[in-house]
Trainee: 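Before anything else, here's the structure in question.
Proteins get letters first, then strands, A, B, ... in listed order; numbering begins at 1 in each. What you see below is based on every heavy atom in this structure, not just the backbone, and it leaves out hydrogens, waters and symmetry mates.
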Amino acid sequence: MSSHARFYDVVRRIPRGRVATYGGVARAAGSPGAARRVGYALAALGDRDDVPWHRVINSKGEVSRRSGGTGFEHVQRALLESEGVVFDARGRVDLDHYGWP
DNA sequence: CTAGTGACTGTTT
DNA sequence: AAAACAGCCACTA
């Protein structure tokens, strides 16, 4: 089993309508400070529907940008709004309210 | 083995 | 407030 599976498992536990930070996922997976590996793991994930990768955002409460500039942030924002997450005028999420402990 | 890179974070300008 | 810097570690060439 790859260490990535551990991160995927944590992301799967994020309840619908909530979001988690990369650092938070890394910490919950038992590897604090491994935020970069979480991002790498999700990037390597590809098209899997069983992992709600759109619920994982950065510490600023904003959606991170992928290499290649694919305009992916708009898609992720739409997916989160579809689950009841509200973005503010700056395109950010209130982690104090929607952040998953 | 070394070097470069990245869905990040926290501190300092 | 936003931008720049440094630290971090797995993966690829």
Trainee: Ignoring the backbone of A/Ser59, work out which of B/dT9, C/dC11, B/dA7 is nearest its side chain.
Mentor: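 Nucleotide nearest to A/Ser59's side chain: B/dT9.
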
Trainee: What's the closest nucleotide to the side chain of A/Arg90 if the choices are B/dA7, C/dA1, B/dC8?
Mentor: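 Of the options given, the side chain of A/Arg90 lies nearest C/dA1.
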
Trainee: Quick one: is A/His4 getting a side-chain N or O under 4.0 Å of the C/dC11 phosphate, OP1 or OP2?
Mentor: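 The answer is yes; a side-chain N or O of A/His4 sits under 4.0 Å from OP1 or OP2.
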
Trainee: Determine whether any donor atom in the side chain of A/Arg36 lies under 3.5 Å from an acceptor atom in the base of C/dG7, or the reverse, and answer yes or no.
Mentor: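 Yes, the side chain and the base share a sub-3.5 Å donor-acceptor pair.
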
Trainee: Mind calculating the distance between CD (A/Glu62) and C1' (C/dA2) to the nearest angstrom?
Mentor: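 It is 12 Å, rounded to the nearest whole Å.
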
Trainee: In this structure, how many angstroms lie between the C1' atom of C/dA1 and the CZ atom of A/Arg92, rounded?
Mentor: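 Interatomic distance, CZ of A/Arg92 to C1' of C/dA1: 10 Å.
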
Trainee: Using the P atom on both, measure C/dA13 against B/dA7 and round to a whole Å.
Mentor: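 Looking at atom P only, C/dA13 and B/dA7 are 16 Å apart.
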
Trainee: Using whole Å, report how far CG of A/Asn58 lies from P of C/dC8.
Mentor: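 Spelled out: CG on A/Asn58 to P on C/dC8 is 21 Å.
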
Trainee: Looking at A/Arg12 and A/Asp9, does any basic side-chain N land under 4.0 Å from a carboxylate oxygen?
Mentor: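 Looking at A/Arg12 and A/Asp9, the cut-off is met.
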
Trainee: A/Phe72 has a side chain; which of C/dA10, B/dA7, B/dT9 sits nearest to it?
Mentor: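 The closest nucleotide is B/dA7.
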
Trainee: For a quick check of understanding: with a heavy-atom distance under 4.0 Å over all strands, which category does A/Tyr22 fall into, base, sugar-phosphate or nothing?
Mentor: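 If one applies the 4.0 Å heavy-atom cut-off, A/Tyr22 turns out to touch a base.
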
Trainee: Using a cut-off of less than 4.0 Å, is there contact between a side-chain N or O of A/Ser67 and OP1 or OP2 of B/dT5?
Mentor: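 The answer is no; no side-chain N or O of A/Ser67 sits under 4.0 Å from OP1 or OP2.
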
Trainee: Under 6.0 Å from the ring centre and within 45 degrees of the ring axis: does the NZ or CZ of A/Arg18 meet both conditions for the six-membered ring of A/Tyr98?
Mentor: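 So A/Arg18 doesn't make the cation-pi contact.
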
Trainee: Quick one: label A/Gly33 by what it contacts on the DNA or RNA (base, sugar-phosphate, nothing), any heavy atom closer than 4.0 Å.
Mentor: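 If one applies the 4.0 Å heavy-atom cut-off, A/Gly33 turns out to touch nothing in the nucleic acid.
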
Trainee: How long is the line joining NZ of A/Lys60 and P of C/dA1, in whole Å?
Mentor: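 Atom NZ in A/Lys60 sits about 12 Å away from atom P in C/dA1.
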
Trainee: Distance check: side-chain N/O of A/Arg37 vs OP1/OP2 of C/dC9, anything under 4.0 Å?
Mentor: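 No, outside the criterion.
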
Trainee: Quick one: A/Ile14 CD1 to B/dA7 C1', roughly how many Å, whole number?
Mentor: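 Going from CD1 in A/Ile14 over to C1' in B/dA7 covers 13 Å.
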
Trainee: Do the two ring centres, one from A/Trp53 and one from A/Phe7, sit under 6.0 Å apart?
Mentor: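 Ring-ring flag for A/Trp53/A/Phe7: false, centres at least 6.0 Å apart.
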
Trainee: Taking atom P of B/dT5 as reference, at what distance in whole Å does atom CZ of A/Arg66 sit?
Mentor: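 Spelled out: CZ on A/Arg66 to P on B/dT5 is 19 Å.
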
Trainee: What is the distance, rounded to the nearest whole Å, between atom CZ of A/Phe7 and atom C1' of B/dA7?
Mentor: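 It works out to 13 Å between those atoms.
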
Trainee: Can you see which heavy atom on A/Arg90 is nearest to which on A/Glu62, and at what distance?
Mentor: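 Between these two residues, the closest heavy atoms are O-OE2, 3.5 Å.
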
Trainee: Can you tell me how far P of C/dC9 sits from CZ of A/Arg27, to the nearest Å?
Mentor: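 Those two atoms, CZ and P, are 17 Å apart.
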
Trainee: If you draw a 6.0 Å radius around CZ in A/Arg27, do more than 12 non-hydrogen atoms from other residues or ligands fall strictly inside?
Mentor: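 Open: at most 12 neighbouring heavy atoms sit under 6.0 Å from CZ of A/Arg27.
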
